[in-house]
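Index from 1, following the sequence. For the numbers below, each heavy atom of this structure counts, side chains included, while hydrogens, waters and symmetry mates do not.
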Amino acid sequence: MFTIKVAGPAATTPAALSQNRLFSERRKRSVVAVLGEPPRFEETAGTLRHALTREGGGYAVLRVGNLAKALGTDDDRFLRLVTGFAAEVAVPFSPFPRWPLWKDIGVKVDKDPGKSSGIGYNAFHMDLVNGTLPPDYTTLLCVRPDPLGGGPSILSDAHAAVARLSENSRALLAETAYHYGTFFDLHGVGEEYKPFPILDGFDPGGFVRFTAKMLKRSELGQAHADAARELAEELVRGQVSFMLQPGDYLIVNQRRFLHGREALHSGQATVPVADRRLLLQLFLRARAGAGSAV
């Protein structure tokens, strides 16, 4: 797991934040008042960009737990600081007009267990798989992990998994024969893509448009379903797994990695709602001329 730890107080000067447009003088003063000095903003942002786009890279965990503890995760200053780091990678946006920029992903025991807010295994997928312009990055900020110890995050290099498939399977995955989900009340992700190929321009910058949920919830031809199932197995074979802690900020380049989550620990109904696992999700769009996140 590639991690970047941002500690506070940090040995630097306020100039590190002064070059970023998201930080007004008032906000910089408020951060310095709590931490003594702001984090090494430019250095950290550059390391993030490199980790997400370098050869063999594609995800990173920014550890800002000390800042979360100092400011409080419910403090607007903390969320603005994390948004500032995100904005150095790409442009934050919300595809859901009815939701704020940061969308809560809590735990609902009566929800479909396989959904992001469910309690079961959330299989490998890319977010907004059926939009013509999916987010280039999906990001998750951990406010609270599962207090019972379950729900580690899982990631897998989609292009590496595809490369291990047979030539016949890759040919089937490149055909416009797949579909999943609904497309309603969305913004900034293009039009509905139905049907779509899983290998959508299979090159270093192409999406691998896959969600394991299509294997059970979409009517697919047998050959195409078998090829998608083979991909799902390879994704599991190559997965990495880790537990997000309070203040951990996971950024995933969707053109390279797919993500998911292991099941939460049994007994979630006994955990008070206010103590259950809570993540905040933010999507990012690569800037024009940035190489489409590659």
Side-chain angles (χ1 to χ4, degrees), residues 1-49 51-52 59-94 96 99-107 116-117 137-147 149 151-153 242-252 261 271-284:
M1 176 176 60
F2 188 91
T3 62
I4 305 169
K5 185 174 182 180
V6 178
T12 187
T13 67
L17 290 181
S18 65
Q19 301 301 315
N20 192 281
R21 62 185 179 279
L22 290 182
F23 289 88
S24 65
E25 288 301 319
R26 178 179 58 81
R27 290 175 191 156
K28 284 185 287 183
R29 286 196 299 270
S30 68
V31 172
V32 173
V34 173
L35 300 179
E37 295 288 349
R40 294 171 179 161
F41 191 87
E42 296 297 336
E43 176 185 338
T44 302
T47 304
L48 263 181
R49 288 190 294 268
L52 292 164
Y59 75 94
V61 177
L62 181 65
R63 292 195 152 154
V64 289
N66 287 348
L67 301 181
K69 185 176 181 180
L71 295 170
T73 55
D74 58 348
D75 191 305
D76 182 63
R77 293 173 298 174
F78 173 68
L79 210 53
R80 288 180 183 275
L81 183 62
V82 179
T83 305
F85 280 119
E88 284 297 307
V89 172
V91 180
F93 79 103
S94 173
F96 310 112
W99 294 91
L101 185 63
W102 288 88
K103 180 179 179 291
D104 287 8
I105 300 180
V107 174
S116 59
S117 57
Y137 300 90
T138 184
T139 78
L140 295 165
L141 175 63
C142 180
V143 177
R144 289 188 302 273
D146 177 5
S153 297
F242 49 87
M243 190 74 73
L244 293 176
Q245 301 299 327
D248 282 357
Y249 183 41
L250 171 64
I251 306 176
V252 181
R261 187 209 66 225
V271 179
V273 174
D275 295 334
R276 292 176 184 168
R277 183 179 190 262
L278 176 62
L279 303 181
L280 300 180
Q281 186 174 44
L282 174 69
F283 296 103
L284 305 177

*With rounding to the nearest 0.5 Å, note down the distance linking CH2 in Trp99 to CD in Gln281.*
11.0 Å
_Atom of Val64, atom of Gly247 and distance for their closest heavy-atom approach_ = CG2-O, 2.9 Å
*asked:* Among residues at least two apart in sequence or on other chains, which ones pass side-chain hydrogen bond (donor to acceptor under 3.5 Å, both in side chains) with Asp75?
replied: Arg77
*If every non-hydrogen atom of Leu244 is compared with every non-hydrogen atom of Cys142, which pair is closest and at what distance?*
O-SG, 3.7 Å
*Using the test salt bridge (charged side-chain N to carboxylate O under 4.0 Å, His left out), find all partners of Asp104 that sit at least two apart in sequence or belong to another chain.*
none
*Atom pair OG1 (Thr73) and CG (Leu67), whose distance is rounded to the nearest 0.5 Å*: 12.0 Å
*To the nearest 0.5 Å, how far apart are CZ in Arg49 and OG1 in Thr44?*
10.5 Å
_Donor-acceptor under 3.5 Å (Arg277 side chain, Val107 main chain)_ = no
*side chain to side chain contact (heavy atoms under 4.5 Å, CB included) between Leu284 and Val89: does it pass, once the steps are laid out?*
CA-CA 8 Å; Leu284 305 177; Val89 172; 4.2 Å; yes
*asked:* Just checking Trp102 against Tyr249, ring centres under 6.0 Å apart?
replied: yes
*Okay, side chain of Arg144, backbone of Ala274: is any donor-acceptor separation there less than 3.5 Å?*
yes
*Picking from Leu278, Val143, Leu140, Leu141, what satisfies side chain to side chain contact (heavy atoms under 4.5 Å, CB included) with Ile105?*
Leu140
*Determine the minimum heavy-atom distance between Val252 and Leu250, stating which atoms define it.*
CG2-CG, 3.8 Å
_Ring-plane angle category for Tyr59 and Phe242, please: parallel below 30°, perpendicular beyond 60°, tilted otherwise._
parallel
*Would you check if the side chain of Thr139 reaches a backbone N or O of Leu282 as a donor-acceptor pair within less than 3.5 Å?*
yes
*Taking all atoms of both residues into account, what is the closest heavy-atom pair of Pro100 and Ser94, and its distance?*
O-OG, 3.6 Å
*Between CG of Leu71 and CG of Asn66, what distance do you get to the nearest 0.5 Å?*
10.5 Å
